[in-house]
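See structure below.
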There are 2 protein chains.
Amino acid sequence: MKAMRTKTKQNQIPAISLDPADCNCLAIRQAARQVTQFYDRHLGVIGLRTSQYSILSKLLRLGPQSINALAMLMAMDRTTTGRAIRPLERDGLIEVAARDDARTRVMQLTAAGRVRLKEAQPLWREAQRDFETRYGGGEAASLREALSRVVSLH
Amino acid sequence: MKAMRTKTKQNQIPAISLDPADCNCLAIRQAARQVTQFYDRHLGVIGLRTSQYSILSKLLRLGPQSINALAMLMAMDRTTTGRAIRPLERDGLIEVAARDDARTRVMQLTAAGRVRLKEAQPLWREAQRDFETRYGGGEAASLREALSRVVSLH
DNA sequence: TGTGTAAGGGTGCATATGCGCCTAATTTCA
DNA sequence: TGAAATTAGGCGCATATGCACCCTTACACA
């Protein structure tokens, strides 16, 4: 590494590709479409999208959350989150919890939501297992690590 | 590796995580949202989304394409592609080419499309350079490689 | 105590995403 | 050559995505 840097001036910033064919945004969006379809086909059996499963799952593991907090957890825009919870609320899977601050809407799982999540879990595990079996468990772990570094770029 | 496989029966399929916190789908969707926003903020200056830039870019590099062919190239659903080209057609950036097969709609860049693409290229390069500088050029190349293996899972 | 500011969230708009179902054109093959 | 199968694409529907702009509530502080 150090040897490379002292080699030539051109190597000071290594390997940045400005070839249009190497667009990181296109690459990640394509992959996201594929994986979403893959997981959605499994979860679709009980009428849940992966994004909806993710939200229910977060609420189960982390307890009631405000729209803003949930948006943060999902690395999602606030307004997107506000709309994403609507079908879940409509179907009685989540509800607004008691509020001390009249501005916030703290969402929590309902009993029906917990039931649906229980039904969804084996389907999600099937999707996860199928994916990791085909892609490779170790590779998947590396990929998740690389993706989390993308998210933490801000 | 071989030593691990003979160690115990449980290690025959190594490292598959069924922990809900390790959802590959959520990980990739979160990252896709971040990266899309990142690139869109750069390209937004001239009123193009990254997805639109990608389509124009493909048409420039690969020539006129049918909806189906374009969908394949973008790893995108056929109907999604059919709708994605609408704003581009409306704004006169692409147009339908001559057809031998009355079923197909072969899309091609217009002169205005080529101009817009020329304007967009420096903005895209800026986004790409910013991203790779912060994420790491080598890491980005590895990430793209890992993502392309996801897409090729089918 | 009034007021400016910050925080939480909603709405309108435009695009993105893909499934199920439909129509039209083409190709295959008996 | 005519019917069946294939191919190309559209449309309705529902959700996903985030920006600009707006309202309300809470808080800090003069």
Side-chain angles (χ1 to χ4, degrees), chain A residues 25-26 28-45 47-56 64-72 74-91 93 96-97 99-107 151, chain B residues 25-26 28-45 47-56 64-72 74-91 93 96-97 99-107 151:
Chain A
C25 190
L26 177 59
I28 202 165
R29 286 174 66 87
Q30 288 183 336
R33 284 192 286 264
Q34 297 293 310
V35 176
T36 300
Q37 279 182 73
F38 190 87
Y39 279 70
D40 275 357
R41 272 195 284 268
H42 282 88
L43 285 168
V45 175
L48 275 186
R49 306 274 185 98
T50 307
S51 51
Q52 300 176 332
Y53 170 80
S54 297
I55 290 176
L56 296 181
Q65 301 289 332
S66 71
I67 306 282
N68 267 315
L70 198 52
M72 217 81 83
M74 298 287 294
M76 187 183 270
D77 186 84
R78 182 180 56 73
T79 63
T80 303
T81 307
R83 287 180 164 105
I85 62 171
R86 251 115 92 151
L88 299 172
E89 201 178 359
R90 179 200 61 204
D91 297 344
L93 305 179
V96 181
R99 58 285 162 93
D100 13 309
D101 187 330
R103 292 171 302 179
T104 68
R105 280 167 52 82
V106 176
M107 308 307 298
V151 173
Chain B
C25 190
L26 177 60
I28 202 164
R29 287 173 66 87
Q30 288 183 335
R33 285 192 286 263
Q34 297 294 310
V35 176
T36 300
Q37 279 183 73
F38 190 88
Y39 279 70
D40 274 357
R41 272 195 284 267
H42 282 88
L43 284 168
V45 175
L48 275 185
R49 306 275 185 96
T50 306
S51 50
Q52 301 176 330
Y53 170 81
S54 298
I55 290 177
L56 297 181
Q65 301 287 333
S66 72
I67 305 282
N68 267 314
L70 198 53
M72 216 79 83
M74 298 287 296
M76 187 182 270
D77 186 84
R78 183 181 55 73
T79 62
T80 303
T81 307
R83 287 181 164 103
I85 61 171
R86 251 116 93 152
L88 299 172
E89 202 177 0
R90 179 199 61 202
D91 296 345
L93 305 180
V96 181
R99 57 286 165 93
D100 14 308
D101 188 329
R103 291 170 302 180
T104 67
R105 281 167 53 81
V106 176
M107 308 306 298
V151 173

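The chains referred to below are lettered A, B, ... by the order of the sequence lines, with proteins before strands, and numbering in each begins at 1.
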Determine the contact category for [X]: base if any of its heavy atoms lies under 4.0 Å from a base atom, sugar-phosphate if only primed atoms, P, OP1 or OP2 are that close, otherwise nothing.
X       : value
R78(A)  : base
D101(A) : sugar-phosphate
S51(A)  : sugar-phosphate
R29(B)  : sugar-phosphate
T104(A) : sugar-phosphate
T36(A)  : nothing

Respond yes when some side-chain nitrogen or oxygen of [X] is under 4.0 Å from OP1 or OP2 of [N], and no when none is.
X       : N       : result
T80(A)  : dA16(D) : no
N68(A)  : dG9(C)  : yes
R105(B) : dT7(D)  : no
R99(B)  : dG9(D)  : no

Worksheet item: Any idea which heavy atoms bring S51(B) and R29(A) closest together, and the distance?
Response: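 That closest heavy-atom pairing would be CB-NH2, 4.0 Å.
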[X] [atom1] to [N] [atom2], straight-line distance once rounded to whole Å:
X      : N       : atom1 : atom2 : result
R49(A) : dA16(C) : CZ    : C1'   : 12 Å
L43(B) : dG18(D) : CG    : P     : 16 Å
R41(A) : dG18(C) : CZ    : P     : 10 Å
R83(A) : dG18(D) : CZ    : P     : 12 Å
L56(B) : dT15(C) : CG    : P     : 14 Å
D77(A) : dG8(C)  : CG    : P     : 14 Å
I55(A) : dT15(D) : CD1   : P     : 12 Å

Practice prompt. Taking salt bridge (Lys or Arg N to Asp or Glu O under 4.0 Å) as the test, write out the residues that go with R49(B), two or more places apart.
Written response: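 Salt bridge (Lys or Arg N to Asp or Glu O under 4.0 Å) list for R49(B), sorted by chain: empty.
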Discussion item. Which is more 5' along DNA chain D, the nucleotide nearest T79(B) or the one nearest R33(B)? Just name the residue.
Written reply: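 Looking at DNA chain D, the more 5' nearest nucleotide goes with T79(B).
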Worksheet item: DNA chain D: Q34(B) or R103(A), which has the more 5' nearest nucleotide?
Response: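 Mapping each residue to its closest nucleotide by heavy atoms, the 5'-most match is Q34(B).
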Fill in: Q52(A), nearest nucleotide to its side chain (from dA25(C), dA16(C), dA16(D))
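Given the options dA25(C), dA16(C), dA16(D), the side chain of Q52(A) is closest to dA16(D).
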Discussion item. side-chain contact (heavy atoms from CB on, under 4.5 Å) for Q52(A) and L43(A)? Distances and angles first, verdict last.
Written reply: CA-CA 10 Å; Q52(A) 300 176 332; L43(A) 285 168; over 6 Å; no
